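The structure appears below as C-alpha cells.
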Amino acid sequence: MKACGLIVEYNPFHNGHNYHLEQAKAKTNADCMVAVMSGAFLQRGEPAIIDKFHRAKAALMTGIDIVVELPYVYAVQSSDLFAKGSVLTLQALGVDSICFGSESGNIDAFIKGYDDYKDNQVTYQRELKHGLHAGMSFPEASKRAYESTGLTQDGIDLSKPNNILGFSYVKTILEHKLPIQPLTIKRKNSGYHDTEITSSIASATSIRKQLFNQQTPLSELKHTMPPSTINELENYLGLATTLHNWEPYFPFLHYRVLTMSMEELALIHGIEEGLEHRIKQTAKHVTSFYDWVAAIKTKRYTWTRIQRIFVHLLTNTTKSEIDELTAPNFISYIRLIGMTKKGQEYLNKQKKQMNVPIYPKLSRNLHPMLHIEERATNAYYSILPVQNRYTLWKQELRGPVIIPS
C-alpha cells in the first residue's frame, strides 16, 4: 500500500484541511493517508481547542486513515525541531511522500532553497549569529540569514509561516537522506494568521476567534468545517464543558512562577539570557495571560516564543530533558491515536518492516518521552472540573479510536 504523510494540528479540522487532504490524495494517488498530529499543546505554544482524541476522530471521519501523535518534546518547538520529529515519525511509518501546504506552492523552490543553504551554511550561521547579537528575534534573524545564502522572496518568502515549516520539512528529508518525496500544495483563500472569516475556507485562527471572542454558536460556523468537526466540538463541549484557550491556565502559571526560585526558572526549556528575571518581575502585577505575554514580549522574544516557554513552565519541562530526548536522529516509538480499517490494514502490513514499537495507549515504563506526555495531558485537563478531567484522561488508557472505512 502506498502512503502519504501529512503534518498537522487540526485545531480544529476545517474545510482548508479537507482541501489539503483531497489535493494530497490526488497528487500522490496514495492508498493510505497518515497524519502526525500535535497532542495537547501546539507548535505556536497554545493549548489545542479540544483534545487530541476528538480532533483525531474528526479527521478520521473525513478521510484520514491513521493519526499518530507527535511527541510533546517536538511539538512545542521552533520549526526545525518540529519538522525533525514530524518527518522522522512519518519515515518510521514508511510513508512514500509528505505533502504540506504552503504559501509558495512550488516544491522546486523549496529544494533549490535547500541547495543554496547547503552550499552556504557558513554564511548562514555567521549571518544568523550576527542577527541574534543585533537583537533580532530568531525568525527574523533566520530569514535574513537564509536570504544571504541566495534564498530570496522570489523563491520562498520565509516571512510566511507555512513556507517556514515547509522549508524545515524539506531540509529534514534531504539532510537525513530519507526515501520520501516532498510535495506541496498552495494554500487556498485564507492566510494562516487571518482573523476574519470571509469564505467557506477560513483559517483556524479566524474560526477560534469566532468561538472565543464573540461566543458564536457552532451552527453559524458550519460552512467552515466538515460535519465531523462540528460533531466532535459538540461532543467535547458536552464532556469538558469548555473549549481550551490560554486564559484559564493563567492562575496555574502565576502560582508556578511566584513559588519558583530564579534558579528553578532558569532550568525551564526556552528560558535564556536571564529571561527568568523578566518573567518573575512581571508576575508581580499582571492580571491575565494576555497582559503577561504583552509585558514580557520584546523584539527578540516574540509572542510565540513566550507562549512556548509558558507551556514548558506549565508542564515543568526542562532544557536537559529536551536536549537529551531530541538528540537522536530517530524516533523511539509511535503513539497511535486513531485509525480507520484501511489504516489498520496498512499498519498490519507495515509492522513487519518497522524497527520501532507502536504504543496504542499511555503506559508507564515504556519510554521517558511518555512521562512528559503524561505531564502534558494532566496540565491540559487541569482547568476542567475534577470528574470531567478524569473522564477525559481515561481516554489515554483505552487505546486508539477506530473508525470503519
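The first residue of the sequence shown is numbered 1, and numbering continues consecutively from there. Bear in mind that the values here come from a model prediction, so they are computed numbers and not experimental data.
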*Answer whether the closest heavy-atom distance between the side chains of I383 and R389 falls below 4.5 Å.*
no

*Near H130 NE2, under 6.0 Å, is it more than 12 heavy atoms from other residues, nucleotides or ligands?*
no

*Heavy atoms of other groups near K299 NZ, more than 12 under 6.0 Å*: no

*Please name all residues satisfying side-chain hydrogen bond (donor to acceptor under 3.5 Å, both in side chains) with E373, sequence neighbours left out, ordered by chain then number.*
none

*Taking atom types as modelled, find out whether T28 and S97 have a side-chain donor-acceptor pair closer than 3.5 angstrom.*
no

*Locate the shortest heavy-atom distance separating L347 from I358; write the atom from each residue and the value.*
CD2-CD1, 4.0 Å

*Note: R278-E273 ion pair, threshold 4.0 Å (strictly below)*: no

_Do Y72 and L325 make a side-chain contact, defined as non-hydrogen atoms from C-beta onward lying under 4.5 Å apart?_
no

*Is there a donor-acceptor contact under 3.5 Å linking the side chains of T62 and S228?*
yes

*Can you name the nearest heavy-atom pair linking M260 to I268, along with the distance?*
CE-CG1, 4.1 Å

*For the pair W246 and F289, evaluate ring pair (Phe, Tyr, Trp, His ring centres under 6.0 Å) and give the outcome as yes or no after the intermediate values.*
CA-CA 7 Å; W246 256 123; F289 180 82; 4.4 Å; yes

*asked:* Heavy-atom count check: over 12 atoms from other residues, nucleotides or ligands less than 6.0 Å from M369 CE?
replied: yes

*Taking the side chain as C-beta and beyond, is there a heavy-atom pair between L128 and F138 under 4.5 Å?*
yes

*When the ring planes of Y114 and Y117 are compared, do they come out parallel, tilted or perpendicular, using 30° and 60° as the limits?*
tilted

_A quick test of your reading: do over 12 heavy atoms of other residues, nucleotides or ligands sit less than 6.0 Å from CD of E234?_
yes

*Partner of W393 by side chain to side chain donor-acceptor pair (under 3.5 Å), out of D51, N378, N388*: N378

*Might you work through the side chain to side chain contact (heavy atoms under 4.5 Å, CB included) test for R398 and K394, ending with a clear yes or no?*
CA-CA 7 Å; R398 290 182 192 144; K394 284 194 295 185; 4.0 Å; yes

*Can you tell if the side chain of Y290 reaches within under 4.5 Å of the side chain of E247, non-hydrogen atoms only?*
yes

*In Å and rounded to the nearest 0.5 Å, what is the OH to OG distance from Y359 to S332?*
8.5 Å

*For atom NZ of K171, is the number of surrounding heavy atoms from other residues, nucleotides or ligands below 6.0 Å larger than 12?*
yes

*Taking atom types as modelled and ignoring hydrogens, do the side chains of T224 and N15 form a donor-acceptor contact shorter than 3.5 angstrom?*
no

*Does some side-chain heavy atom of L384 sit less than 4.5 Å from a side-chain heavy atom of H244?*
yes

*Return yes if a side-chain donor-acceptor contact under 3.5 Å exists between T149 and D116, otherwise no.*
no

_E140 bridged to R144 by N-O distance under 4.0 Å_ = yes

*Taking atom types as modelled, find out whether R208 and N245 have a side-chain donor-acceptor pair closer than 3.5 angstrom.*
no

*What distance separates N106 CG from T184 OG1, expressed to the nearest 0.5 Å?*
8.5 Å

*Does the side chain of T318 pick up a donor-acceptor pair with the side chain of S320 at under 3.5 Å?*
yes

*Is there a donor in the side chain of T282 and an acceptor in the side chain of W292, or the other way round, less than 3.5 Å apart?*
yes

*Can you find a heavy atom in the side chain of K57 that is under 4.5 Å from one in the side chain of I403?*
yes

*Return yes when atom NZ of K112 has more than 12 non-hydrogen atoms of other residues, nucleotides or ligands closer than 6.0 Å, and no otherwise.*
no

*Between R375 and T315: side-chain donor-acceptor atoms closer than 3.5 Å*: no

*Are a donor atom and an acceptor atom from the side chains of Y10 and S38 found within less than 3.5 Å of each other?*
no

*Is there side-chain contact between S79 and Y169, with at least one heavy-atom pair below 4.5 Å?*
no

*H269 side chain reached by Q77 side chain, heavy atoms, under 4.5 Å*: yes

